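Numbering starts at 1 and runs along the sequence shown. Keep in mind that this is a model prediction, so the values were computed, not measured.
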Amino acid sequence: MEGTKMTFGELIMFTVRLLAGTGVFLVGVHLLTANIEQLATGKIKDLFEKTADRRLVNVGIGAATTALIQSSGVTTVLIVGFVNVGIMNLHQAAAMIMGANIGTTITAQIAALSAFPVTTYIQIFVFIGMMMSMACKSDNLQKTGFILSGLGLIFIGLSLMSDAMKYNRDAIQHMFEVVTNPFLLFGIGIFLTALVQSSSATTSVIIAMSVAGLTIGTGGNEVLFIILGTNIGSCVTALMSSFTSGANAKRAGLIHLMFNTFGSVLFFILLMCWPDFMNDTFRTWFGSAATEIAMFHTFFNLTCTILFLPFCNIFVKISELLIPEKKAETAVTYLDERMLSSASIAISQLEKEMILLSDTAMDAFRTAYRSFYKKDKSLIEPSQDLINQAGGIYHTIVNYLIRLSAQSKLSDEENISTLHNNVGDVMRIAEIADNFTKYTQRSIRHDLHFSDSVKAEIDVMVQRLEEMYALTKRLILEKDEGLLAQIDQAEQDIDAFRKKLLNRHMERLHSGECKPECSSVYINLVSNLERLGDHLTYIAHTIEG
């Protein structure tokens, strides 16, 4: 257009075109991220399971995960979730967060490709991808189709933004060239990124401007101040995610903020002291303005990681000083809603939560059994407390399973259904514990007595159940199918032992050694022990299958 001012109508049209392009870009990023995350969820789980105390390994895991799912926000939220449930410590999380910052620069590099004509042809991926998703029955092929569509939409969105700016280039350039205050530009980067909760979106808009031939300020370092601001604004997602979590999760969010802030301030000072930094470096090395911005973004995050990685311990100590541990705060669950978007990770956590439930239920059973064995009424209430605690964990797991099932792909439904059934079987252990408290109450109320030899026989059966439980727990955690034969043998031993105990009981009844009023309690008690073994066997076989 001619002139340097836009009419109100032209301003409205420019805003609509720019927002439409930004919307298409964000839809593309969402399609790409969500479907890559679901397709790669197993790989993400494998990466996180490689978490070690070696900082470079953790940096690599953070970078690889973010590059894989194209979202540092998702990665940092997952990291906060893992810290919250105690899977990783703050030192590991700090290194992973630094790696995530490196991985997120891939999005800017993809956006920079829009400066090259070949990317026009990538836009046809929208059509190809949608045809794949509609024509293919395979869940993985449908996800792949959505990924292709998302990639195409990213470049369509960038093209729409660039076209909107090209059409009004003179007027827009006139507005932007007067914005030279570094602090204002820095603040704009923080505000815009915090608003859309995506540094990738803000950086991509800036890259779209450069493709349209627009420059900010005098065309020197000004654009870089905005890029520095986006790195601080990108911390908002992780900080918001940590607000409702424990102290360690809040510390992880704070470490992310400190790392990005210190790095941005350091580079801010460098750019202030070196006014021709952009002209002397990236503008000399690269011919495309879009590539220059993307390369600076990568250089900034790589440099900050190299500088601050040796000081991870200091970041952790500062976070611990600023966010002290609350004495009453305890980790009572492995479940975190942040992990619902990654089914394999969520399922892995559910298995750990099931172990927590089974340990609680077994503790309730042990307490109830001791109460019966010793005829100790004082142990009934602690047993009931553990039973109620198991019930609370059970309902938490069921609610989490329902939410996970609602947003998981079909291939995960079998695992989710298996867990649902297994959790029900684990809860039967707590019900058996409740039955034992009733046997204790009945024995006390009717003054029923069991001989030491009878108690010793029952004790042998209980010890075999303890061995069986230990084997089942190992099978769940280690996935060692070789344990299944041992579990089956233990279950057969328990069945045989039940028959043996009942036969002896009948002999004692006939000989008059046992009173008939004890018979009902004894038979039900032994039958409950056999049921406990049956539930453990069922759990073991479904896990193995």
Backbone N/O of Ile207 and side chain of Ser210: donor-acceptor pair under 3.5 Å: yes
Do Ile355 and Lys473 come within less than 4.5 Å of each other through their side chains, counting heavy atoms only? yes
Just checking, any donor-acceptor pair under 3.5 angstrom between side chains of Asn260 and Asn101? yes
Apply side-chain contact (heavy atoms from CB on, under 4.5 Å) to residues Phe311 and Lys317 and explain how you reach the verdict. CA-CA 10 Å; Phe311 303 103; Lys317 287 178 181 178; over 6 Å; no
Does the pair Glu431/Arg428 count as a salt bridge with the N-to-O cut at 4.0 Å? yes
Tyr394 (side chain) donor-acceptor with Val426 (main chain) under 3.5 angstrom: no
Can you name the nearest heavy-atom pair linking Leu31 to Gly150, along with the distance? CB-CA, 3.8 Å
Can you confirm whether Glu381 sits close enough to Asp385 that some side-chain heavy atom of one is under 4.5 Å from a side-chain heavy atom of the other? yes
Using a 3.5 Å distance criterion without hydrogens, assess whether the side chain of Asp434 forms a donor-acceptor pair with backbone atoms of Ala430. no
Side-chain heavy-atom pair Leu404, Leu350 within 4.5 angstrom cut-off: yes
Working note: Leu151 + Ile147, criterion side-chain contact (heavy atoms from CB on, under 4.5 Å); need CA distance, chi angles, decisive distance, verdict. CA-CA 6 Å; Leu151 184 62; Ile147 289 168; 5.7 Å; no
Min side-chain heavy-atom separation Cys304-Phe262 under 4.5 Å: no
Do you know the tightest heavy-atom contact between Met258 and Ile318? SD-CG2, 3.5 Å
Look at the side chain of Asn221 and the backbone N and O of Pro275, then say whether any donor-acceptor pair between them is shorter than 3.5 Å. yes
So Tyr538 and Thr472, do their side chains get closer than 4.5 Å, heavy atoms only? no
If you apply the rule side-chain contact (heavy atoms from CB on, under 4.5 Å), what do you find for Lys352 with Leu356, and how did you get there? CA-CA 6 Å; Lys352 292 183 177 69; Leu356 177 65; over 6 Å; no
Applying side-chain contact (heavy atoms from CB on, under 4.5 Å), run through Glu292 and Val223 and close with a yes or a no. CA-CA 11 Å; Glu292 293 162 11; Val223 68; over 6 Å; no
More than 12 heavy atoms of other groups within 6.0 Å of Glu466 CD: yes
Any donor-acceptor pair under 3.5 Å from Thr360 side chain to Ile387 backbone: no
Ala100 backbone acceptor or donor facing Thr104 side chain under 3.5 Å: no
Polar side-chain atom of Ser371 near backbone of Thr367 as donor-acceptor pair, under 3.5 Å: no
Hey, are the side chains of Leu307 and Leu266 touching, using non-hydrogen atoms and a 4.5 Å cut-off? yes
Indicate yes or no for a side-chain donor-acceptor contact from Ser405 to the backbone of Leu401 under 3.5 Å, with no hydrogens or angles considered. no
If we ignore hydrogens and angles and just use 3.5 Å, is the side chain of Arg55 paired with the main-chain N or O of Leu309 as donor and acceptor? yes
Asp363 and Arg366 ion-paired at < 4.0 Å: yes
Between Thr281 and the options Trp274, Phe299, Phe296, the side-chain contact (heavy atoms from CB on, under 4.5 Å) test singles out Trp274
Heavy-atom side-chain contact between Leu254 and Phe315 under 4.5 Å: no
Between Phe225 and Phe183, is there a side-chain heavy-atom distance shorter than 4.5 Å? no
Counting N and O atoms only, with roles assigned by atom type, does the side chain of Thr230 sit under 3.5 Å from a partner on the main chain of Ile227, one being a donor and the other an acceptor? yes
Thr305 side, atom OG1; Phe259 side, atom CZ - distance, nearest 0.5 Å: 4.0 Å
